[in-house]
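Heads up: the structure comes next, in structure tokens.
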Amino acid sequence: MSPLALFGGTFDPIHVGHLRAAIEAREALAADEIRLLPCALPPHREQPEVGAEQRLRMLKAAIAGQPGLRADERELRRSGPSYTYDTLVSVRAEIGESRPLVLVLGADAFAGLPDWHRWRELIAQAHLAVLTRPDAHGLIDPRLEELLATVGTADPADLRRTPCGRLLRLQIPPLPLSSTLVRERLRRGRSVRFLVPDAVLAMIESQGWYGVSGC
Ligand code: ATP
């Protein structure tokens, strides 16, 4: 059965590193659909510079017309911190017990997993697919090493055999790009052309977000 993939983030703003990662993951997993979920209140980091509805608008503009990529607004419609565990439980209730569900995350996000709410229970709801990211350091928590040793796989086909419970490491072409870098460049009046989709850049410029002087 084709998996449903989920890719959460702050997307402050969405950039081509996110979009390439989503496309690479969808293709590798042979997933019909990958849903991008902007978080309302990220529990483990400073608060986003731009509001949730604005980040959602940029995300929707970025994926418009891209087959298999969809925005999922559920974390924005919930109150309180955007815990991934709650999101997985809610998506699992929507798709039923048998369809494979895959939570896709970059290596930097994976490295912080033991700080997440109910992190050990995530794989009872979904598989995890961890994408290589150029700026992520190699050291990982021994608890994650243990998880890799017990449920790790390098074969995406393993994630189609069961609804949840495996941990896939996926190599993708590296794009050393982050929202932090995009925000910094905007703040300094530098160009971010081709780092974010044109439609996103147009929105940032017209609204004057991230310290850009609006037009
Ligand atoms: P910031 O710089 O504000 O921390 P970010 O660029 O890391 O933002 P997030 O919205 O925090 O973006 O990330 C959402 C998800 O996308 C995370 O799982 C993250 O690891 C992944 N991700 C972001 N950029 C890349 C990239 N260039 N390559 C692979 N994965 C990425």
Side-chain angles (χ1 to χ4, degrees), residues 3-15 17-18 21-22 24-26 28-29 31 34-49 52 55-56 59 71-95 97 99-153 156 158-159 162-170 172 178-180:
L4 173 64
L6 303 177
F7 189 39
T10 312
F11 304 116
D12 185 28
I14 190 161
H15 53 70
H18 293 128
E24 294 287 347
R26 177 175 174 248
L29 297 167
I34 180 159
R35 296 190 192 170
L36 285 80
L37 296 102
C39 59
L41 294 171
H44 304 295
R45 52 174 288 164
E46 74 277 13
Q47 293 312 302
E49 200 165 314
R55 288 182 283 114
L56 175 66
L59 190 153
D72 187 312
E73 303 180 16
R74 79 186 65 216
E75 292 192 352
L76 303 186
R77 308 292 162 236
R78 266 199 329 251
S79 54
S82 302
Y83 290 126
T84 300
Y85 177 78
D86 297 340
T87 302
L88 296 183
V89 168
S90 143
V91 176
R92 178 54 77 197
E94 177 193 323
I95 67 171
E97 291 300 314
R99 184 168 177 198
L101 180 62
V102 186
L103 176 68
V104 174
L105 65 175
D108 59 313
F110 177 65
L113 202 71
D115 294 330
W116 291 20
H117 178 61
R118 302 178 75 161
W119 75 277
R120 286 191 184 276
E121 296 164 71
L122 297 175
I123 60 166
Q125 300 295 329
H127 299 294
L128 304 182
V130 181
L131 309 176
T132 47
R133 190 170 177 185
D135 42 2
H137 57 74
L139 295 172
I140 69 166
D141 187 297
R143 289 169 293 178
L144 297 177
E145 294 278 16
E146 189 193 321
L147 194 66
L148 276 164
T150 49
V151 297
T153 176
D158 285 338
L159 275 55
T162 53
C164 58
R166 300 302 301 268
L167 169 52
L168 173 73
R169 293 188 102 165
L170 207 55
I172 62 166
S178 65
S179 298
T180 303

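Reckoned from all heavy atoms, side chains included, excluding hydrogens, waters and symmetry mates. The structure presented is a predicted model; accordingly, all values stated were derived computationally and were not measured.
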Working to the nearest 0.5 angstrom, can you tell me the gap between [X] [atom1] and [Y] [atom2]?
X	Y	atom1	atom2	result
Leu37	Thr84	CG	OG1	8.5 Å
Leu105	Leu131	CG	CG	7.0 Å
Arg133	Phe110	CZ	CZ	15.0 Å
Leu168	Thr153	CG	OG1	6.0 Å
Leu170	Leu29	CG	CG	6.5 Å
Thr150	Arg166	OG1	CZ	9.0 Å

Qualifying residues under ring pair (Phe, Tyr, Trp, His ring centres under 6.0 Å), relative to Tyr85, sequence neighbours excluded
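Tyr85 satisfies ring pair (Phe, Tyr, Trp, His ring centres under 6.0 Å) with no residue once adjacent residues are dropped.
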
Can you list the residues that meet the ring pair (Phe, Tyr, Trp, His ring centres under 6.0 Å) rule with His15, with sequence neighbours excluded?
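His15 satisfies ring pair (Phe, Tyr, Trp, His ring centres under 6.0 Å) with His18 only.
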
Test side chain to side chain donor-acceptor pair (under 3.5 Å) applied to Arg35 - qualifying residues, sequence neighbours left out:
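For Arg35 the side chain to side chain donor-acceptor pair (under 3.5 Å) partners, ignoring immediate neighbours, are Glu33, Asp72, Glu94.
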
Among all residues two or more places apart in sequence or in another chain, which pass the side chain to side chain donor-acceptor pair (under 3.5 Å) test with Asp141?
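Only Arg143 meet the side chain to side chain donor-acceptor pair (under 3.5 Å) criterion with Asp141.
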
Any side-chain donor near an acceptor of the partner, Thr87 and Arg78, under 3.5 Å:
yes

Return all side-chain donor-acceptor pairs below 3.5 angstrom for residues 112-122, not counting sequence neighbours, or 'none' if the list is empty.
{"residue": "Arg118", "atom": "NE", "partner": "Glu121", "partner atom": "OE1", "Å": "3.2"}
{"residue": "Arg118", "atom": "NE", "partner": "Glu121", "partner atom": "OE2", "Å": "3.2"}
{"residue": "Arg118", "atom": "NH2", "partner": "Glu121", "partner atom": "OE1", "Å": "2.8"}

State, to 0.1 Å, how close Gly165 and His127 come at their nearest heavy-atom pair, and which atoms those are.
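In this case the closest contact between Gly165 and His127 is N-ND1, 3.4 Å.
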
Suppose we screen for salt bridge (charged side-chain N to carboxylate O under 4.0 Å, His left out). Which residues come up paired with Arg26, at least two apart in sequence or across chains?
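Not a single residue meets the salt bridge (charged side-chain N to carboxylate O under 4.0 Å, His left out) criterion with Arg26.
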
Does a sphere of radius 6.0 Å around CD in Glu97 hold more than 12 heavy atoms from other residues, nucleotides or ligands, not counting ones at 6.0 Å or beyond?
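For Glu97, atom CD is not crowded (no more than 12 foreign heavy atoms under 6.0 Å).
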
